[in-house]
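This report concerns only the one structure given below.
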Amino acid sequence: MSANLNQTNIEIDDPNFQALFADLQGNILKGHGRDDSRHIFFRFTGNSDENCRWVESFAGEVTSTLAQHQQILSYKRDRHHQLFVNFMLSCSGYLALDIPQKYWPQDKAFRSGMKDLQVCYDTLPRGDHSPKSNPLNDDVQQWESAFRNRVDGMILLAYGGDSARETRQILDDKVSELKKQLAGIAEITLVQAGYVMRNEKEQVIEHFGFVDGVSNPKFLFSDLNEEFKNGGYSRNDPSASLNTVLVKDPGGDNNSYGTYVTYRKLQQNIKGFWKKLDLLANTLSELGQQKVDAEYAGALCVGRFKDGTPISEQGNDGWSNLFNNFNYDDDVDGLRCPFHSHTRKTNPRGDTVRQFNSPPTIEQSRRIVRRGISFGDKNLNPDSEWTDAGLLFISLQASIVDQFIFMQHTWCNNEGFVRENTGIDPLVGQVLPGENIQPQSWPGKWGNGAGKVDFEFSGFVRTLGGEYLFMPSIHFLRHL
Ligand code: HEM
C-alpha cells in the first residue's frame, strides 16, 4: 500500500509510511529538538557537474525522518548526541545544478525568489498594490548583503551536547569541514548561528520574552498525544494531514516528497518594544476602563501572556501548562483578544468562518509549520534599541503562496483583516516603505466594549533578509 497524504495522526512506524519517511528529510513532521544550530548559506561557483557530484556525496549526511526518529530513540536509551542535518536549495540553486526545469518545484514564489517585486500579485486577493515592493512589503534595499545577493541553498546543522562548549566545538568543526569540502564548488556567503532561549521553567521563548512554539500543526500520533495531555483539542484541533506540509518532489521517485521553506532573518527591537508597551499601558489605563501594565499590553499585542496563557481565555497570566485548546468563539468581537493580535492574525481559529462564511478547512489549510530559532545577543534587557537580536523565522509549507505569503500579506499586513479598521499585526505587520499606518483599536477593559482606545503599534521587528527554498527528498539529492 502507498502513503495517503490526507491522513492525520500517523504512527511513525506505520508500515505504509516507511518508504516515504526514509526518503523525507527530518525536522519537517517534528522539530529536530536541538538547542543550537548553524545555517550555512552558499552560492555555487563550480561547474554544474562538480556541483552535482558534491551534492550527491553530501546527501549521505542528511538526516531523514526515520533517522531522526532513530536518533531520538538512541538519545533516550543512552543519552547519545548526534548531529542533525538538513539540505535545501533555492530556485537559483536548481539552475546552478543544471537540473531540467521539469524537475523543479512548481510554487510561483519559490520560482521567483523572495526579493522579487512582482511575484504572485495576480494570484493574491488584494491586488491593490503596485509592485513597489515584494508582496510582503519588504524594503529589500535594507537587507543584509548576504540576502540581497544570490542564495543558492542552505545547510542546517543542529546539535545539543552535554555542554555549550561541546556543542560549539562540534558545530564549528563541521562548518570548517564543509568550508574545505566546498572549495571550488561553492562560496559560503553566511554562517548564521541560532540558539534556543528558555525561561526559568525551561520553556522556549523569543527575544520579547514570550513563550514561543506552542501552537503548531501536529502530524504524528505521539505529538498529538502530548497536546492531549496539555489540555486536549476539543476547541482547537492541531492535527494536520501531511499535505499541509508535503508536496511530491518532482525530481524524486514514487515515494519522494519535499517541503517549501520560508527563511526570514527578523531583527527585534526589544528596548523599543517594551518602551512602547509602557506607553500603550499608560494610555489604556488613562483612557480605558482598567489599570493595566506593560505585560498586559504585551499580551494584547501577542494574543498570549509571556507565560503562554491565551488572553482570550483569561485577563491575566498563570495558566499552568502550554495551553492550545482554545478558539475565539467566546470573543467574537475581539474584546478579550483584539483581532489584530499576532496569534489571532496568524491563526484566526474560526474568525474567517464567521466573517466570510468560508469553510473551516480553507482557514486550516493556511497553517504553517514553524521551525524558527533565535539569534544574536541573549540579553532580554539591552541598553539600546535594535541590538543584534531576533528570530530566524523558518516556516515549512506545501505552498508558499497559499500559506506563508497569504498569512503575511493578506492577514498580518492587511489593515482590513479580519474586519475593516482592524489594523496590522503589531508584531510583524508591514506596510509599504513610507506608507502611513492606521492605529489599531484596543479594548479598554478585558471582555468589555466600552472605552476602546486607538493606538498605533508597529515597527519593532525588521526584516534583514530571507529566501524561499525547497527541502527535496534524499532520493533526489542522491541521483543528480
Ligand atoms: C505564534 C512571536 C514572527 C506566525 C507566536 C507566538 C509568539 C510569536 C510569542 C505565541 C506562541 C505560540 O503560539 O507558539 C513571534 C515573533 C516574531 C514572529 C517575536 C518575529 C520576530 C512570525 C511570522 C509569522 C508568524 C513572520 C508568519 C507570518 C505565527 C503563527 C503562530 C505564531 C502561525 C501560531 C498562532 C496560533 O496557532 O495560535 N509568534 N512571531 N510569526 N506566530 Fe509568530
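A quick note: this is a predicted structure, and the numbers were derived from the prediction, not measured. Ligands are counted one by one from 1 in listed order, and the atoms in each one are counted from 1 as well. Every heavy atom of this structure was used, including side-chain atoms; hydrogens, water molecules and symmetry mates were not.
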Can Q440 and D454 be counted as having a side-chain donor-acceptor contact under 3.5 angstrom? no
When you measure from the centre of the six-membered ring of F339, is the NZ or CZ of R419 under 6.0 Å away and within 45° of the axis?
no
Short version for R304: what comes under 4.0 Å of ligand 1, heavy atoms counted, is side chain
re atom 11 (C) of ligand 1, the protein heavy-atom contact at minimum distance is V211 O, 3.4 Å
So for V214 against ligand 1, with non-hydrogen atoms under 4.0 Å, the contacting part is both
(Q) So for ligand 1, is G213 a polar contact partner (N or O within less than 3.5 Å, distance only)? (A) yes
Protein-side N, O or S atoms sitting under 2.8 Å from atom 43 (Fe) of ligand 1 are H342 NE2
Atom 37 (O) of ligand 1 sits nearest the protein heavy atom S215 OG, 2.5 Å
Atom 17 (C) of ligand 1 sits nearest the protein heavy atom L391 CD2, 3.7 Å
The answer for which part of R264 has a heavy atom under 4.0 Å from ligand 1 is neither
Below the 3.5 angstrom mark, is there an N/O of F210, backbone or side chain, next to an N/O of ligand 1?
no
Near F404 (heavy-atom distance under 4.0 Å), the atoms of ligand 1 are 28 (C)
Within the 3.5 Å criterion, strictly below it, is a donor on N199 or Q203 matched to an acceptor on the partner's side chain? yes
For V302, the atoms of ligand 1 under 4.0 Å from one of its heavy atoms are 9 (C)
Which of R235, R336, R349, R304 passes salt bridge (charged side-chain N to carboxylate O under 4.0 Å, His left out) with E313? It is R235
What one should report as the nearest heavy-atom pair of R34 and F84 is CZ-CB, 3.7 Å
For atom 38 (O) of ligand 1, the closest protein heavy atom turns out to be R349 NH2, 2.7 Å
(message) Check whether F406 forms a cation-pi arrangement with R366 (NZ or CZ under 6.0 Å from the six-membered ring centre, at most 45° off the ring normal).
(response) yes
Only one of R462, Q408, R264 passes side-chain hydrogen bond (donor to acceptor under 3.5 Å, both in side chains) with D138, and that residue is R264
Examine the side chains of S241 and Q7 and answer whether a donor and an acceptor come within less than 3.5 Å of each other. no
Heavy-atom contact under 4.0 Å between W411 and ligand 1?
no
Open item on the list: What I'd like to find out is whether the side chain of L284 reaches to under 4.5 Å of the side chain of L300, using heavy atoms alone.
Closed with: yes
Please table the atom pairs, donor to acceptor, closer than 3.5 Å between any side-chain atom in residues 383-398 and protein atoms at least two apart or in another chain.
| unit_1 | atom_1 | unit_2 | atom_2 | d |
| --- | --- | --- | --- | --- |
| E385 | OE1 | N269 | ND2 | 2.9 |
| E385 | OE2 | K275 | NZ | 3.3 |
| S395 | OG | Q397 | OE1 | 2.8 |
| Q397 | NE2 | Y260 | O | 3.1 |
| Q397 | NE2 | T262 | OG1 | 3.1 |
| Q397 | NE2 | S395 | O | 3.1 |

For atom 28 (C) of ligand 1, the closest protein heavy atom turns out to be Q408 OE1, 3.5 Å
Exercise answer: donor-acceptor pairs, residues 372-380 side-chain atoms, under 3.5 Å, sequence neighbours excluded:
| unit_1 | atom_1 | unit_2 | atom_2 | d |
| --- | --- | --- | --- | --- |
| D377 | OD1 | N379 | N | 3.0 |
| N379 | OD1 | N381 | N | 2.7 |

For D14, the salt bridge (Lys or Arg N to Asp or Glu O under 4.0 Å) test, sequence neighbours excluded, returns none
